[in-house]
Amino acid sequence: MNHENMTANDYLNLLVNDIHSTVLSTMGSDNRPKSRIIDMMLAKDGKLYFLTANFKPFYTQLQADPAVSITGRHGTDTMSSYAITVEGDVREIGTTYLADIMDQNPYMKELYPTPEKKATLSVFEVYQGTVAIFDLSVTPPYQAAFQLGN
């Protein structure tokens with residue numbers, strides 16, 4: 001990985017394509033952090049996309065407070081890995097990109113096989129914040145942060 005030539009969008013693509021399953025944290029109604037594993041589905045035009053079903057507590061938390069922290073790690077052990085963290089604000093964009101997400105992630109069609117189940121899904125966009133990389137697989141370790149959005 002040649003970090004010197006990489007952009008925020010390159011790191012978002014690594015998060016989607018190489019890491020995919022991340023830890024995403026929100027704030028609950030009890031003002032305590034809530035974390036879960038969630039797949040990053042799409043990176044496009046400097047934004048990051050994921051989805052959830054509208055009946056889950058996760059959906060309610062995103063509606064109440066748009067701030068999120070997302071972290072993913074790639075590698076087999078500490079010294080051969082890199083981590084990418086995105087911190088920012090999300091907004092619900094409904095079914096925009098849902099067809100693309102389903103096509104790029106065929107397992108979603110197994111999880112939501114019927115039109116009724118698929119209708120519960122809503123796409124969220126991380127539209128502003130920061131993306132940070134911490135790479136321990138190189139010497140010296142590489143660390144950088146980039147702005148997302150405005």
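All figures in this text were calculated on a predicted structure; none of them were measured in a lab.
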Hydrophobic clusters here meaning ILVMFWY residues chained together by side-chain heavy-atom distances under 4.5 Å, can you tell me if [X] and [Y] are in one?
{"X": "Leu14", "Y": "Ile38", "value": "yes"}
{"X": "Leu136", "Y": "Met6", "value": "no"}
{"X": "Leu48", "Y": "Phe146", "value": "yes"}
{"X": "Ile133", "Y": "Val138", "value": "yes"}
{"X": "Met1", "Y": "Phe134", "value": "no"}

Who are the ring-ring contact (aromatic ring centres under 6.0 Å, His included) partners of Tyr82, not counting sequence neighbours?
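Partners of Tyr82 under the ring-ring contact (aromatic ring centres under 6.0 Å, His included) test: His74.
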
Through direct or indirect side-chain contacts below 4.5 angstrom among Ile, Leu, Val, Met, Phe, Trp and Tyr, which residues connect to Ile37?
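Hydrophobic cluster check, Ile37: joined to Val23.
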
Using a side-chain heavy atom cutoff under 4.5 Å and only I, L, V, M, F, W and Y, what cluster partners does Ile101 have?
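Its cluster partners, ordered by chain and number, are Met41, Leu42, Tyr49, Leu51, Ile93, Tyr97, Leu98, Met102, Tyr107, Met108, Leu111, Tyr112, Leu121, Val123.
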
[Y] and [X], any side-chain heavy atoms less than 4.5 Å apart:
{"X": "Lys109", "Y": "Asp103", "result": "yes"}
{"X": "Lys47", "Y": "Arg91", "result": "yes"}
{"X": "Leu62", "Y": "Phe50", "result": "yes"}
{"X": "Asp39", "Y": "Asn105", "result": "no"}
{"X": "Val131", "Y": "Ile84", "result": "yes"}

Ile70 CD1 to Thr85 OG1 distance, which is reported to the nearest 0.5 Å:
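Ile70 atom CD1 to Thr85 atom OG1 measures 9.5 Å (nearest 0.5 Å).
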
Hey, could you give me the CG/CD distance between Asp45 and Glu125, rounded to the nearest 0.5 Å?
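Asp45 CG to Glu125 CD: 9.5 Å, rounded to 0.5 Å.
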
Would you name the heavy atoms of [X] and [Y] that are closest together and state the gap between them?
{"X": "Thr78", "Y": "Ser81", "value": "O-OG, 2.9 Å"}
{"X": "Asn13", "Y": "Ala43", "value": "OD1-CB, 3.5 Å"}
{"X": "Gly72", "Y": "Thr22", "value": "CA-CG2, 4.2 Å"}
{"X": "Asn54", "Y": "Ala119", "value": "ND2-O, 4.3 Å"}

Parallel under 30°, tilted from 30 to 60°, perpendicular over 60°: which one fits the rings of Tyr59 and Phe124?
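Taking Phe124 first and then Tyr59, their aromatic rings stand perpendicular (interplane angle over 60°).
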
Within a radius of less than 6.0 Å around NZ of Lys34, do more than 12 heavy atoms belonging to other residues, nucleotides or ligands occur?
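Correct, the count exceeds 12.
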
Any side-chain to backbone donor/acceptor pair from Asp10 onto Thr7? Under 3.5 Å, distance only.
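Side chain of Asp10 to backbone of Thr7, a donor-acceptor pair under 3.5 Å: yes, one is there.
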
If the test is side chain to side chain contact (heavy atoms under 4.5 Å, CB included), which one of Thr52, Val90, Val68, Val126 qualifies with Leu24?
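Testing each of Thr52, Val90, Val68, Val126 against Leu24, the sole residue satisfying side chain to side chain contact (heavy atoms under 4.5 Å, CB included) is Val68.
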
Carefully, step by step, assess Arg36 and Gln61 under the rule side chain to side chain contact (heavy atoms under 4.5 Å, CB included).
CA-CA 12 Å; Arg36 78 277 300 145; Gln61 291 159 12; 2.6 Å; yes

